[in-house]
Number of protein chains: 2
Amino acid sequence: MNQKINVGIVEDQLLFREGIKAILTNWDIFDVIFESADGFSVIEKLAQAPRLPDILLVDLSLPPLGKTEYSGLHLTVALADKFPEIKILILSVHNDENFMAELIKNGAHGYLVKDCDPQEVYQAIVSVVEKGTYINSRVLKAIQDRMSKKLKPGKQLMTGISAREEDVLKLTCQQFTAEEIAEKLFISVKTVNGHRNNLLLKTGSRNVAGLVLFAIKNHIVEL
Amino acid sequence: MNQKINVGIVEDQLLFREGIKAILTNWDIFDVIFESADGFSVIEKLAQAPRLPDILLVDLSLPPLGKTEYSGLHLTVALADKFPEIKILILSVHNDENFMAELIKNGAHGYLVKDCDPQEVYQAIVSVVEKGTYINSRVLKAIQDRMSKKLKPGKQLMTGISAREEDVLKLTCQQFTAEEIAEKLFISVKTVNGHRNNLLLKTGSRNVAGLVLFAIKNHIVEL
DNA sequence: ATATAAATAGGTATAAATATCTGTTTGTAA
DNA sequence: TTACAAACAGATATTTATACCTATTTATAT
């Protein structure tokens, strides 16, 4: 590796972003040439940037703008479309297995939990830039598990939740009753309850408490 | 300031801890001489440490050990008791106003949201060590608001939740029904519902979804 | 074109949560 | 020691959520 690696960081928490930057200066092969505190402006900023980063470290739980969600997953999808040459390394606080697989499927090149040590950050960036991916054993296992589950015929376990179900889930987390949700979505209360039942099945929850927990863990709603 | 400031860091996320350390090296007046990834061992480690830190940066949302909670607040109380000479600067992801006031009341000397810039970390540490406290305008306003609320007679708004209510809240977040909670706590279902109603009142929630959100925001349960 | 799987929409019956209540106990300030 | 506030325990009626169903539409793969 003779050339420096151009790194970009997309992370809303300023202190964490600065921390990553400070850590990366430990190795002089990294140049942090791009930064963003939100996902919305990244595509636009990249289009105007004099130099494109080789790799973007993207926080999974990016904040919404007003009512519009824009998580690391949204950004991943957009980047894979507009800037496929830029590698994407996801940073996340959780180690939610399903989410790992979802991200890799949608164009991310690697996944790091924020609990890892600096050495692993180094390895991950170098591995993604040189080999194209960085999959540690935990992520690999998660993907394999998910694959094997998909193969089983069974009922309808572990499927991603649908758009309509996500609507219901979000409103449920906002403390609306089924009746209120029905009004907002212009559907019958019975239908809302149907969606809720599917959500309980898919998320393995017993009641709304479980749904709220799931929604937070999976970045469907923010705190 | 002729002497270096001895800093300790209590933070479970290794990467964030390393990031803070790396940021602090920007100023040569800081020496990071103490680190811990959990709150439990801090008192013990400090007792054996050759040099005590002047100030401890403490993450508010420290992880529990098994079923035992030990947040930054617990640690703050313990430190104020055992090592009152060590200043405590709380680091938190949220800027929950009530929580700020609670921490300051219980012995913390300052409060920083993790969203601040490195310069503010510098200011906060220096201010705490030299002047004894670091209260930024947002925290100050939160405390004043809380004070003024306490003065009003009113009904029973904004009171801290009781031990029994916290029990019920935690179990509710774990998706147990009122009946199951009653069994676990050896009380009547009606009583559990009574506690739940008080929780709804105190937290300003409409249903369990709101309770779960409140519990997470206030570090009563962890994800 | 057609079989398959899953999303969507809906119905009915039961279980659970929530809104209002009444007491007793406990700690605390006047 | 008395008055007060709040935790704690409990009861009843009503609303809401959940379990268990069926039928239609939509997308996908064969």
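The chains referred to below are lettered A, B, ... by the order of the sequence lines, with proteins before strands, and numbering in each begins at 1. No hydrogens, no waters, no symmetry mates; every other heavy atom, side chains included, goes into these values.
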Compute whether any side-chain donor of one residue and acceptor of the other, for Lys45(A) and Ser36(A), lie under 3.5 angstrom apart.
-> yes

For the student: nearest non-hydrogen atoms of Asp12(B) and Leu62(B), plus distance = N-CD2, 4.2 Å

In whole angstroms, how far is the P atom of dT18(C) from the CG atom of Asn207(B)?
-> 6 Å

Would you please test Phe214(A) and Leu199(A) for side-chain contact (heavy atoms from CB on, under 4.5 Å) and show each step?
-> CA-CA 10 Å; Phe214(A) 173 88; Leu199(A) 284 166; over 6 Å; no

Atom CZ of Phe186(B) to atom C1' of dA9(D): distance rounded to whole Å?
-> 16 Å

Separation of atom CG in Leu201(B) from atom C1' in dA17(C), rounded to whole Å = 15 Å

In whole angstrom, what separates Asn198(A)'s CG from dA6(C)'s C1'?
-> 9 Å

Distance, rounded to the nearest Å, where Gln175(A) contributes CD and dA17(D) contributes C1' | 15 Å

Would you indicate, yes or no, if dC8(D) has its OP1 or OP2 atom less than 4.0 angstrom from a side-chain nitrogen or oxygen of Ser162(B)?
-> yes

Using a cut-off of strictly less than 4.0 Å, decide whether Arg164(A) has a side-chain nitrogen or oxygen near OP1 or OP2 of dA9(C).
-> yes

Here the distance between atom C1' of dC8(D) and atom CZ of Arg196(B), to the nearest Å, is 17 Å

Would you kindly give the CG-to-P distance between Leu171(A) and dA17(D), to the nearest whole Å?
-> 12 Å

Between NE2 of His195(A) and P of dT18(D) the distance, given in whole Å, is 15 Å

Please tabulate, one pair per line, each protein N/O and nucleotide N/O from nucleotides 10-15 of chain C that are separated by under 3.5 Å, including the distance.
from	atom 1	to	atom 2	distance (Å)
dG10(C)	OP2	Ser188(A)	N	3.0
dG10(C)	OP2	Thr191(A)	OG1	2.6

